Structures are given as structure tokens and as C-alpha cells.
There are 2 protein chains.
Amino acid sequence: MTAPITSKSGLPDFDLTRFLPYRLAVAAEKLSEGLARRYRTEFGISVPEWRVLVHLAHSGNVSVRDIEARVAMEKSKVSRAASRLEAAGYIAKEINESDRRLLQLSLTQKGRALMARLLPIAIAYQAEVAARLAETLQGFEAGLDRITGDKV
Amino acid sequence: MTAPITSKSGLPDFDLTRFLPYRLAVAAEKLSEGLARRYRTEFGISVPEWRVLVHLAHSGNVSVRDIEARVAMEKSKVSRAASRLEAAGYIAKEINESDRRLLQLSLTQKGRALMARLLPIAIAYQAEVAARLAETLQGFEAGLDRITGDKV
DNA sequence: TTGACACCGTTTCATATGCAACGAATACTC
DNA sequence: GAGTATTCGTTGCATATGAAACGGTGTCAA
């Protein structure tokens, strides 16, 4: 915007704590932290695994590619998360017979039971965060939309 | 807030794309992405290294512990970033003679020259982001403050 | 058909990470 | 002062990660 003001060091003044990429990274980590730890210690579920589970609960049979696109994770990350979830018995992998390149991932009964416990926790957490944001919630979400380009 | 509405699957309805920890993580990654890649490819600097450099440019001689506290990184992460920066000749490590447990990290001349190139890029990027947020910037930052607890 | 090309999911490889343990240095307590 | 506790920065270890390569499958055009 304006020309950088040089300090004694000859370098432009720059405050990391006001730098938006930094602030956002710190805030994101803080927001995930508590819930992620709880999911990990109580249920043995990581964040990538949680994202896969949520998408399966929400959308039924889905391919890895599908999840990759909708859940903002590399396909290798999705693949590994899915393998762990399968090993734990929470999801099933089947081959899509109409296109044998694709997988069909789906929740098992055990997986649905897990989600029946996880989802209410997430919903409550969302409510907590919203309460914390209070009157700033609307503006905050508007900013998020701008950044991710959902609503330009 | 309200009781979860059960869908056909018997699970509560839950949309990951409205979940604040998720949205924030995605937005944070998107915001860091472009700048981080540029710093990496053009200058060979990672995000942890960048944070250390900024703090040194801003605060002169500093210990690892100091950076850990102000820059939201594990001390091992700071330590490794500092070692890489020292190997690259951007910073100097000295022992603090008044407390020989502490290090004094400082920018070398080469490090200052690097920052003279990096900082204007960051400042311009910040301006870009602010422009993108436009009238939502203020509300967005207010929300960030709520989350990180800067201003309760 | 056959061949070139594109796509899907997994795996390999190099690197990054968090956590705990460690040695060195200092502070505290008696 | 001696012995214990604490702090600092580094490192070892197990795991997670992104990027590229790979085998298997499907598509398209001649």
C-alpha cells in the first residue's frame, strides 16, 4: 500500500503477528487442536481420517478421487487414511464394477456407530466456537468465503 | 444449538464445508500456499525458516525459546529451522555469555540482504489479501482475534 | 482390434513433524 | 557449598507428509 518505512536495521517494518497468512495458520491450528486431540486420544482418529469419515457419512458410496476433491486433501493422504480406516473396520472398500478403476468407499456398521458418537461432539464444538465468535461470526465467515472464493 | 436432525442413515446431518475448524484450515492453507511456494522455489526458504527470519529482523538478538513463544512453533522446529538458516549463512548462532544455556540468534549481512528481498514481497502479499477481503477485512480480523484470544 | 492417451488408487522416496529423552548450564533449597 | 530441580537447545525415534512413479483400467481414434 504505502512505501515501507525503513527501521534502524534498514529493513522494512514488518510485524508477523499482523500478517494474515500467519494469523490464519495460528488460528486454524488453535481451532483444530482441542477437538483433534480428543478424537485422537478417545477414538484413535486423525484429522485426515475424520474428514474421510465425515464425507462418507454425508455422501454414501464415494471414490477416493471424490473425497480428494471435496475434502481438500491429496489423494495419497486420502488413500492412506482410508486404508487405516478399513484396517480398523470403520469403512469398506469395494471395486466399482461399472468402472474398475474406481473404489466405492462406505461406512460399515461399526463406522456408523463411531460417527454416531463423533458427530454430536463436532456439532457441539461448532456451537462453542460460534458462541465464542458471537457477533463477529457473520463477518468472520464472510471473510472466509472471500479467501476460499466460495462467494466472490 | 438445536437438536441434530437425523437423516436416512440415522446419523446427524453434518456438513464439513460449514465446519469452522475445517474451513479455517482450508483457508489458512490457501493463503499460505502461494507465498510459501514462491519463497521455497525462489529463495529456498520454508515456512518455519521464514518465521524465524522475520522474528530476527524484527527483534534483533533472540534465543530459541524466545522465538518459540512468539512465533507459535515447537522449539525443535525452531531449532532445526535455525540450524538450516545457519548452514545457509543467513543467521549466526552465538552463546549468551550471561546465561550460557541460551543462544543469541542474529541475522548475518547475507540474512539482512535476503530479508530486504523477502519483506517487500510479504508486504505486497498482505496488501493483496487485504484488498481481496475488502470490506470484510475488519470483521474477519475481529473474528481472528476472538479465536486466538488476543482481544477477548 | 490396436495403439496412444488419460485416469484412479497405491506405493516409494526423501523430507518434515511432534514428542520424549538427553547433556549442559543455571537456579533453588537446605 | 552440595544436591536437587529446572531450563535451554539438540537429537533420536516413530510417524506423517507431498511429489513423483507405477500398475491397472478405461477411453478414444484410426
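Here is how names work: the chains are called A, B, and so on, in the same order as the sequence lines, proteins then strands, and each is numbered from 1. This is a predicted model, so every value here is computed, not measured.
In this structure, CD of Glu49(A) is placed 11 Å from C1' of dA16(D), rounded to the nearest angstrom. Here dT17(D) presents its C1' atom at 13 Å from CZ of Arg40(B), a figure rounded to the nearest Å. To the nearest angstrom, C1' of dA16(D) lies 8 Å from NZ of Lys77(A). For the pair Arg51(A) CZ and dT17(D) P, the interatomic distance rounds to 10 Å; values are reported in whole Å. What separates CD1 of Ile95(A) from C1' of dG23(D) is a distance of 13 Å, to the nearest Å.
Listed here is the closest heavy atom pair of Ala27(A) and Leu144(B): CB-CD2, 3.6 Å. Contact between Met73(B) and Val52(B) at its shortest, heavy atoms only, is CE-CG2, 4.0 Å. Nearest heavy atom pair, residue Tyr22(A) against residue Leu16(A), reads CD2-O, 3.1 Å. Of all heavy-atom pairs between Val71(B) and His55(B), the closest is CG2-CB, 4.1 Å. Closest approach of Leu105(A) and Ile91(A) over heavy atoms only: CD2-CD1, 4.4 Å.
Stem analysis of DNA chain D (at least three stacked-register Watson-Crick or G-U pairs, each with both distances under 3.5 Å) gives C:1-30 with D:1-30.
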Arg65(B)/Glu68(B) under salt bridge (charged side-chain N to carboxylate O under 4.0 Å, His left out): CA gap, chis, key distance, verdict: CA-CA 5 Å; Arg65(B) 189 80 184 169; Glu68(B) 180 188 2; 3.3 Å; yes
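Considering only residues two or more places apart in sequence or on other chains, Gln104(B) meets the side chain to side chain donor-acceptor pair (under 3.5 Å) condition with none of them.
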Counting primed atoms, P, OP1 and OP2 as sugar-phosphate and everything else as base, the B/S/- map of nucleotides 6-13 of chain D against protein heavy atoms under 4.0 Å is -BSBBBB-
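Mapped onto DNA chain C by nearest heavy atom, Glu74(B) and Arg100(B) fall at different nucleotides, with Glu74(B) at the one closer to the 5' end. Nearest-nucleotide positions on DNA chain D for Ser46(A) and Asn96(A) put Ser46(A) closer to the 5' end.
Using cut-offs of 30° and 60° for the angle between ring planes, the Phe43(B) and Tyr39(B) rings count as perpendicular.
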